[in-house]
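Numbers for residues simply follow the sequence, beginning at 1.
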Amino acid sequence: MLTDVRVLVISGSSREGSFNRQLAAVAAGLAAQAGAMVTTVDLRSLELPIYDEDLLSQGAPEGARRLVRLFAEHDALLLATPEYNGFPTPLLINALDWASVMPAADGQLSGSAAFGGTVAGLLSASPGAFGGLRSLLATRQFLQMNLGMLVVPEQFGLVRADQAFGAASALVDAASLAGVARVVDAVLRTARALKAAR
């Protein structure tokens, strides 16, 4: 088993008790069990202001540079995001918008170069009956078309997320766990195949 695939895990929600943070943690655990090296990022900890190009004249936010470094250091992304009015969260979009405009500097890749070719897998959790499906569709287009990531076809939306987690934030339903596992497996297989081909 290859153990050198590095996976970044991000939740589009940072609130306490977030269903998507719990879902991201499940995906991170499965990836680690499969031999990947996993890094989890709390987007709130990046302390990014609302994107404003005028702020670039005052210097790029360190949180944006940190996010670019993380993408440059990792082969793949597992992303769990809730649905806000049919779209991924402002927290997620704002962070990616900032990182995408970072220029190459001091030996670090530009944001667009760091994103390009990253293998991504999408997850969502919602208390509703659709599991955040609309946000998954919008996020897929954003990551593929705008940021140049390779998003695997497999995706998973966790329905009725308010009833889905038990002790230690574990998924109580075996079918739901299998759905997450399919996404994780697809991401790791693809990332490993691409890495072996280089």
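With rounding to the nearest 0.5 angstrom, the CG atom of Leu70 is 10.5 Å from the OG1 atom of Thr40. Summarising the geometry, atom CG belonging to Asn94 is positioned 9.5 Å from atom CG belonging to Leu43; distances are rounded to the nearest 0.5 Å. Rounded to the nearest 0.5 angstrom, Phe142 CZ and Ser100 OG are separated by 6.5 Å. The CG atom of Asp106 sits 10.0 Å away from the CZ atom of Arg69 when rounded to the nearest 0.5 Å. Considering CG of Leu91 and OH of Tyr84, their distance stands at 8.0 Å, rounded to 0.5 Å.
Ala76 and Val187 get closest at one heavy-atom pair: CB-CG1, 3.6 Å. Contact between Pro49 and Leu55 at its shortest, heavy atoms only, is CG-CD1, 3.8 Å. Nearest heavy atom pair, residue Ala64 against residue Leu48, reads N-CD2, 3.4 Å. Nearest heavy-atom pair across Val38 and Ala31 is CG2-CB, 3.8 Å. Pairing each heavy atom of Arg192 with each of Gly35, the nearest pair is NH2-C, 3.7 Å. What you find for Leu109 and Val68 is that their closest heavy atoms are O-CG1, 3.4 Å.
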Item to complete: Could you check Gln108 against Arg65 for side-chain hydrogen bond (donor to acceptor under 3.5 Å, both in side chains), going step by step and ending with a plain yes or no?
Response: CA-CA 9 Å; Gln108 179 176 310; Arg65 293 199 181 280; 5.7 Å; no
Practice prompt. Test Leu56 against Met102 for side chain to side chain contact (heavy atoms under 4.5 Å, CB included), laying out the working first.
Written response: CA-CA 9 Å; Leu56 286 174; Met102 291 297 100; 3.8 Å; yes
Worksheet entry | Candidate pair Asp42 and Ser45, rule side-chain hydrogen bond (donor to acceptor under 3.5 Å, both in side chains), full reasoning | CA-CA 6 Å; Asp42 179 356; Ser45 72; 5.0 Å; no
Worksheet entry | Leu143/Thr118 under side chain to side chain contact (heavy atoms under 4.5 Å, CB included): CA gap, chis, key distance, verdict | CA-CA 9 Å; Leu143 297 186; Thr118 298; over 6 Å; no
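Residues Val180 and Val119 share a hydrophobic cluster, clusters being chains of Ile/Leu/Val/Met/Phe/Trp/Tyr side chains in contact below 4.5 Å. Hydrophobic clustering of Ile, Leu, Val, Met, Phe, Trp and Tyr side chains at less than 4.5 Å, counting indirect connections, keeps Val184 apart from Leu77. At a threshold of 4.5 Å between side-chain heavy atoms, the hydrophobic network of Ile, Leu, Val, Met, Phe, Trp and Tyr places Leu67 and Met149 in one connected group. Each of Leu147 and Leu150 belongs to its own hydrophobic cluster when Ile, Leu, Val, Met, Phe, Trp and Tyr are linked at side-chain heavy-atom distances under 4.5 angstrom. No continuous path of hydrophobic side-chain contacts links Ile10 to Leu78 [ILVMFWY only; heavy atoms under 4.5 Å].
At least one donor-acceptor pair closer than 3.5 Å links the side chain of Thr89 to the backbone N or O of Gly12. No donor-acceptor pair closer than 3.5 Å links the side chain of Ser18 to the backbone N or O of Ser14. Between the Arg140 side chain and the Val152 main chain, a donor and an acceptor come within less than 3.5 Å of each other. Arg182 places no side-chain N or O within donor-acceptor distance of the main-chain N or O of Glu154, the cut-off being under 3.5 Å.
For Glu62, the CD atom counts as densely surrounded, since its 6.0 Å shell holds more than 12 non-hydrogen atoms of other residues, nucleotides or ligands.
Put simply, the side chain of Ser169 does not reach to within 4.5 Å of the side chain of Val26, judged on heavy atoms. A heavy-atom distance below 4.5 Å is not found between the side chains of Phe165 and Val172. Using a 4.5 Å cut-off on side-chain heavy atoms (C-beta onward), Leu79 and Leu92 make contact. Considering only heavy atoms from C-beta on, Phe156 comes within 4.5 Å of Ser176 through its side chain.
Under the ring pair (Phe, Tyr, Trp, His ring centres under 6.0 Å) criterion, the residue pairs touching residues 97-119 are Tyr51-Trp98, Phe71-Phe115, with sequence neighbours excluded.
Of the residues Arg189, Arg6, Lys195, the one that meets the salt bridge (Lys or Arg N to Asp or Glu O under 4.0 Å) test with Asp75 is Lys195.
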Please tabulate, for the side chains in residues 121-138, all donor-acceptor contacts under 3.5 angstrom to protein atoms that are two or more places apart in sequence or on a different chain.
from	atom 1	to	atom 2	distance (Å)
Ser124	OG	Thr81	O	2.6
Ser124	OG	Gly131	O	3.4
Ser126	OG	Gly128	N	3.0
Arg134	NE	Glu83	OE2	2.9
Arg134	NH2	Glu83	OE2	2.5
Ser135	OG	Gly132	O	2.8

